[in-house]
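So the structure is just underneath, and the comments pick up after that.
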2 protein chains.
Amino acid sequence: MSSVKILIADDHQIVLDGLKMVLSAREDFEVVGEASNGLEVLDFVTKNRVDIVVLDINMPGMDGIKCARKIKTDYPNIKVIILTMYAQKSFIEEIVKIGIDGCLLKNNTGKELSDAIARVHSGKSYYDQIQNFSKDDKELKEYSLSEREIEIIRKLGDGLTSSQIADALFISEHTVKTHRKNILKKLNLHSSSELIQYALNNGII
Amino acid sequence: MSSVKILIADDHQIVLDGLKMVLSAREDFEVVGEASNGLEVLDFVTKNRVDIVVLDINMPGMDGIKCARKIKTDYPNIKVIILTMYAQKSFIEEIVKIGIDGCLLKNNTGKELSDAIARVHSGKSYYDQIQNFSKDDKELKEYSLSEREIEIIRKLGDGLTSSQIADALFISEHTVKTHRKNILKKLNLHSSSELIQYALNNGII
DNA sequence: TTGTATTTACCCCTAGAGGGGTATTTCTAT
DNA sequence: ATAGAAATACCCCTCTAGGGGTAAATACAA
């Protein structure tokens, strides 16, 4: 049988090199491409045959989730495995909904990634430590941030005040303050400091 | 001649696996150990012969810089190469001062890491894109944060207010506000949001 | 078509942040 | 012995953040 054609995506070249070496150790795997962001992934899959895409969730430009959604919409036959730094409970529901085939923490061995790929290629799914993802859900109602809200979080990270953000986005300061209040409420946080830490740890920034 | 004995440290196992594969491709390299935080690194070098330590700068517990400083103090013969996600100008002076032998961005190929190791092992130093590190230094005077200041930054990241921090540390709220002002002034920042982003990107938190 | 989410915008209020000082004690290194 | 850094604590001030509402227009999906 022919080898499994794999596309790997991560924004750090050294991680890509490492993943490639790890996966190339198996004769039945073939890394056919590399990408450093979501757009490159989409571009690659339109032009090449790919069986499995291994996606880092934290990438500049188009993030892994958005990219995965688009792949699953346009190319439902391609299997998708998400690599993530943290157990991000905020994403697990969406990951399942989108139909992503596998999800594992970077805090894992290369062998486990190989196992996950083999399992997913055989049509099964592979969710690593899914219990870690669904913990801490006393607040089970999962909120997702809107595009505008994320835009505002990024500006906050740059140190802008509400009025400065308002100027930058050509909206009223009142609106910015409303967004900020909504964001904190959605995430059950109570200050911008907490928010920035959350955002960085969850790949929002 | 005997092979170069390398200890690699990163808090993500999958990256460790990748680095190990990349480095093992060279016959003159030998990865003799792995560590997921600074304390493990220090523990390892006390018990084993190591020529070169490759350190991720962002690790939980003891961060890469602190760890490097301790290695260079206690074992000056061990070479240290720092791996970092971002071009962190705030650290380059300290990195040079500590006597770290090499520094390169994760945004590099595995081959470049191999080259860096070979070069460092031969007694030279390897600084990748050092111009990226020293840019934007209109404010060239580098300040270092005190232990107390770092303690306060961490509390800020947890979302505590000045008065809450004061209660936690058994000091006056006035003192906390003084520390906060000093921190922002030292780093030339203007809000806690900026501060938290800076702290996370520079391994302070 | 009829909700639901999103984005926009305003009101109220209190508490806290940020920036300008000054000043003491303690500790450390020269 | 003495200069310097660090940690402590207080004064002043203005502006912003955070939290409580309400409500409109748009857009999108069941």
Side-chain angles (χ1 to χ4, degrees), chain A residues 65-66 69-70 72-73 90 93-94 97-99 139 141-199 204, chain B residues 66 69 73 93-94 97 139 141-199 204:
Chain A
I65 292 285
K66 265 191 206 154
R69 188 184 297 114
K70 192 128 184 64
K72 277 298 175 183
T73 304
S90 51
E93 273 195 8
E94 192 158 15
K97 198 172 79 186
I98 292 171
E139 210 73 9
K141 32 183 176 178
E142 287 293 341
Y143 293 101
S144 59
L145 297 171
S146 71
E147 289 298 316
R148 198 55 153 175
E149 287 167 342
I150 289 171
E151 205 172 357
I152 284 170
I153 293 174
R154 289 189 220 272
K155 300 263 179 227
L156 280 176
D158 294 335
L160 300 189
T161 65
S162 292
S163 75
Q164 289 172 325
I165 295 171
D167 289 346
L169 301 181
F170 305 106
I171 56 179
S172 157
E173 183 183 344
H174 294 291
T175 306
V176 177
K177 295 194 81 174
T178 300
H179 282 306
R180 293 180 66 155
K181 282 188 291 189
N182 291 338
I183 292 166
L184 292 182
K185 210 167 189 177
K186 276 186 182 181
L187 302 175
N188 194 29
L189 302 175
H190 305 281
S191 75
S192 290
S193 299
E194 277 183 295
L195 174 58
I196 297 303
Q197 177 151 32
Y198 175 92
I204 295 171
Chain B
K66 266 191 203 153
R69 188 183 297 116
T73 305
E93 274 197 5
E94 191 159 14
K97 198 173 80 185
E139 210 71 13
K141 35 183 177 179
E142 286 292 342
Y143 293 101
S144 60
L145 297 171
S146 69
E147 289 298 317
R148 196 56 152 176
E149 286 167 343
I150 289 171
E151 205 171 356
I152 283 170
I153 293 173
R154 288 189 220 272
K155 300 265 179 226
L156 281 175
D158 294 335
L160 301 189
T161 66
S162 292
S163 76
Q164 289 172 324
I165 295 172
D167 288 345
L169 302 182
F170 303 106
I171 55 179
S172 157
E173 181 182 345
H174 294 290
T175 307
V176 177
K177 295 195 83 173
T178 300
H179 281 307
R180 292 180 67 154
K181 281 188 290 190
N182 290 338
I183 293 166
L184 292 182
K185 209 168 189 177
K186 275 186 182 179
L187 302 176
N188 195 29
L189 302 175
H190 303 282
S191 75
S192 290
S193 299
E194 275 183 296
L195 174 58
I196 297 303
Q197 176 150 31
Y198 175 93
I204 295 170

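So you know, we letter chains A, B, ... as the sequences are listed, proteins then strands, and number each from 1.
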- Item | Summary of protein contacts for nucleotides 15-27 of chain C, nucleotide by nucleotide, where a base hit scores B, a sugar-phosphate-only hit scores S (4.0 Å, heavy atoms) | -SBBBBB------

- Message: Using 0.5 Å steps for rounding, measure from the CZ atom of A/R148 to the OG1 atom of A/T175.
- Response: 9.0 Å

Rounded to the nearest angstrom, tell me the gap between atom [atom1] in [X] and atom [atom2] in [N].
X      : N      : atom1 : atom2 : value
A/N182 : C/dA5  : CG    : C1'   : 11 Å
B/I171 : D/dC10 : CD1   : P     : 11 Å
B/I153 : D/dA7  : CD1   : P     : 12 Å
A/I152 : D/dA17 : CD1   : C1'   : 14 Å
A/D167 : C/dA9  : CG    : P     : 12 Å
A/I183 : C/dT8  : CD1   : P     : 12 Å

- Message: Measuring only between side-chain heavy atoms, which start at C-beta, is B/L169 closer than 4.5 Å to B/V176?
- Response: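 A side-chain contact is absent here, since even the closest heavy-atom pair is not under 4.5 Å.
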
- Item | Close side-chain approach of B/H179 to B/I165, heavy-atom, < 4.5 Å | no

- Message: Give me the atom names and distance for the closest heavy-atom approach of A/G159 to B/S191.
- Response: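 Shortest heavy-atom separation between A/G159 and B/S191 comes out as CA-OG, 3.7 Å.
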
- Message: Once salt bridge (charged side-chain N to carboxylate O under 4.0 Å, His left out) is applied, do any residues pair with B/E173, and if so which ones, sequence neighbours excluded?
- Response: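 Applying salt bridge (charged side-chain N to carboxylate O under 4.0 Å, His left out) to B/E173 gives none.
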
- With sequence neighbours left out, the residues meeting side-chain contact (heavy atoms from CB on, under 4.5 Å) with B/D167 are none

Whether [X] contacts [N] is assessed here as follows: a side-chain N or O lying under 4.0 Å from the phosphate OP1 or OP2. Is that the case?
X      : N      : value
B/H179 : D/dT8  : yes
A/T175 : C/dC10 : no
A/H174 : C/dC11 : yes

